[in-house]
Amino acid sequence: MAKNLKKKAAKHYKFYPDEANIPPYLAYGFRPLFLILPLYMALLMLLWGFVFRGKLNIFDDPLSWHIYEMLYGVGVAGIMAFIFTAVPELFPGVVPIVGKLLRRIVALWILGRISFWLIDFLGVYVVAFINISLWVYIIFWVFKPVVLDPLQRHASIAYTIVVLTLLQILFFASKGGFVGIDSFSILKLSLGGFMVLILLALRRVNMEVINQIIERKSLDDVFVAKPFRYNLAIFCIILFSSVEFFYPTNSALLWIGLASAAALLGMLNDYHLQFESILGEPFVWYLGSIIAMMALGYGFLGFAIFTGMGGENHFRHFLTTGAFGIAFFMVMVIIAYIHTGRVLQSNLWIASGVIMLIFAALCRSLIPFFSALYCPLMGLSMLLWILPFVIYFLKTKEFLLTPRVDGIKG
């Protein structure tokens, strides 16, 4: 098993650029981003806690800052780490981004974060230019190998990134007064785009991780993430997000939300293999929990809109705190292990991280039913969301700061 992984990695990394003295933390695209991102995510949530309690007031529109940074600030870092790692492997011949170029790209991402924090002083135009330029660079980098691929194997990811870029432009246009669309509605629509992107990435991650487990255990079977199940779920999510954007109080959202939940839960059937059972594997539960959280989110959103009970924003945290948080946590875990030459295996801190993120989403979703416990549930949700990413940093920083254990570059 280890020999096969090393042979596969060596093939993918043979186009590694010839640059002298590359430090390990700049040796591949995911390394600097996954060193910075978990701490930044924890910092964002901690600051939001202070803003929520009225202890900090540094933004004219703190809600937009919180949502934008969680989606587009964190999201672009995750997208970069994923595609900078995946594209050279999926399309051998693509030169990985490392060293000085990688340092400049990460610096641009950091500049984008600082600029958005200072949007009240720098103005919308400057902040929009810095942040959108990074997305444009990502699209430019993936265009030739991904979009021009005759087989169009992974073009859906690139197209989704283009849509998210356009929505980000629309968000800044709203903030600048160029369009009369509520910026909060644009961010909710963007969340739907990120859910689609997560499903597109999850299908590929599922295929790689589960089949590695099957190979390592010498099971006589193969895992296939069925495209029709993912496509149906993606269609339902796009439909829900579009109807909510144009007709936010339409009662049809109940049925579309329930349809989205059913389509998502149907994806879990992929884990039932024809000949072998993998239902006892921890990573099946970890990755499956992303789908389950997403299903709960759309189901409860439809329910809240139909009944008029309110609490949509709390139920939406099944998607943000739950699906978004667990997806990022698991992708960071998987890449930190596999792409530093280590064997992917479950342990207590990974299991604890996933469980804490699930309970963080559940705490937030209970607020509409137990309004008297608003502050304790909010505080507990924030704490349970922060801890997994802090633990991740402490557990994997040595992975990311040292060369691959198998001696391969990257």
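Residues passing the side chain to side chain donor-acceptor pair (under 3.5 Å) test with Asp182 are Ser185, sequence neighbours excluded. Listed by chain and number, the residues in a side chain to side chain donor-acceptor pair (under 3.5 Å) with Arg153 are Asp149 (sequence neighbours excluded). For His154, the side chain to side chain donor-acceptor pair (under 3.5 Å) partners at least two apart in sequence or on another chain are Arg204. Remark: Glu276 engages no residue in a side chain to side chain donor-acceptor pair (under 3.5 Å) (not counting sequence neighbours).
Among pairs with a residue in residues 381-401, none fulfils side-chain hydrogen bond (donor to acceptor under 3.5 Å, both in side chains), at least two apart in sequence or across chains. The ring-ring contact (aromatic ring centres under 6.0 Å, His included) contacts involving residues 341-370 comprise Phe315-Phe369, where partners must be two or more places apart or lie in separate chains. Note on residues 196-238: pairs passing ring-ring contact (aromatic ring centres under 6.0 Å, His included), not counting sequence neighbours, are Phe223-Tyr271. Evaluation of the side-chain hydrogen bond (donor to acceptor under 3.5 Å, both in side chains) test over residues 188-202, restricted to residues two or more places apart or in two chains, returns Tyr72-Ser190. Here side-chain hydrogen bond (donor to acceptor under 3.5 Å, both in side chains) pairs that include residues 122-133, with residues two or more places apart or in two chains, are Arg113-Asn131, Ser115-Asn131. Residue pairs meeting the ring-ring contact (aromatic ring centres under 6.0 Å, His included) criterion with at least one member in residues 101-121, sequence neighbours excluded: Tyr40-Trp109, Trp65-Trp117, Tyr68-Phe116.
No side-chain heavy atom of Leu301 sits under 4.5 Å from any side-chain heavy atom of Phe318. Counting heavy atoms from C-beta on, the side chains of Met45 and Met70 come closer than 4.5 Å. Taking the side chain as every heavy atom from C-beta outward, Pro388 and Ser352 never approach each other to under 4.5 Å. In this structure, the side chains of Met195 and Tyr298 come closer than 4.5 Å at one or more pairs of heavy atoms. Between Val94 and Phe91, the closest side-chain pair of non-hydrogen atoms falls below 4.5 Å. Contact check for Leu187 versus Leu191: no side-chain heavy atoms found under the 4.5 Å cut-off.
Under the side-chain contact (heavy atoms from CB on, under 4.5 Å) test applied with Leu200, the options Leu202, Val196, Ile198 reduce to a single match, Val196.
Considering all non-hydrogen atoms of both residues, Ile305 and Pro248 come closest at CG2-O, 4.1 Å. Here the closest non-hydrogen pair linking Leu199 and Ala233 is CD1-CB, 4.1 Å. A pairwise comparison of heavy atoms in Val405 and Gly341 identifies CG2-O, 3.2 Å as the closest pair. What you find for Ala304 and Glu312 is that their closest heavy atoms are CB-CG, 4.0 Å. The two residues Pro38 and Phe389 have their closest heavy-atom pair at CB-O, 3.3 Å. Of all the heavy atoms in Leu37 and Ala77, the pair that sits closest is CD1-CB, 3.8 Å.
Counting only distance, with no hydrogens or angles, the side chain of Asp221 and the backbone of Phe275 share a donor-acceptor pair below 3.5 Å.
Annotation for Tyr137: atom OH counts as buried by contact number, over 12 foreign heavy atoms lying within 6.0 Å. Counted within 6.0 Å of OH on Tyr374, heavy atoms from surrounding residues, nucleotides or ligands total more than 12; the atom is thus considered enclosed.
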For residues 255-270, tabulate all N or O donor-acceptor pairs below 3.5 Å that involve a side-chain atom, not counting sequence neighbours.
unit_1	atom_1	unit_2	atom_2	d
Ser260	OG	Cys236	O	3.3
Ser260	OG	Ile256	O	2.8
Asn269	ND2	Gly266	O	3.1
Asp270	OD1	Arg229	NH1	2.5
Asp270	OD2	Lys226	N	3.1

Sequence neighbours excluded and cut-off under 3.5 Å, please list the side-chain donor-acceptor pairs for residues 280-287, or say none.
unit_1	atom_1	unit_2	atom_2	d
Glu281	OE2	Lys217	NZ	2.6
Trp285	NE1	Leu279	O	2.6
Tyr286	OH	Ser346	OG	2.5

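Between Ile97 atom CD1 and Ile105 atom CD1 the span is 4.0 Å, to the nearest 0.5 Å. One distance of note links OH of Tyr25 with CG of Leu35; it measures 10.0 Å at 0.5 Å rounding. Atom-to-atom distance recorded for Leu380:CG and Arg364:CZ is 12.5 Å, nearest 0.5 angstrom.
A salt bridge is defined here as a Lys NZ or Arg NE, NH1 or NH2 lying under 4.0 Å from an Asp or Glu carboxylate O, and Arg203 with Glu208 fails to meet this definition.
Taking the six-membered ring where tryptophan is involved, the planes of Trp141 and Phe84 are perpendicular, since the angle between them exceeds 60° and thus also 30°.
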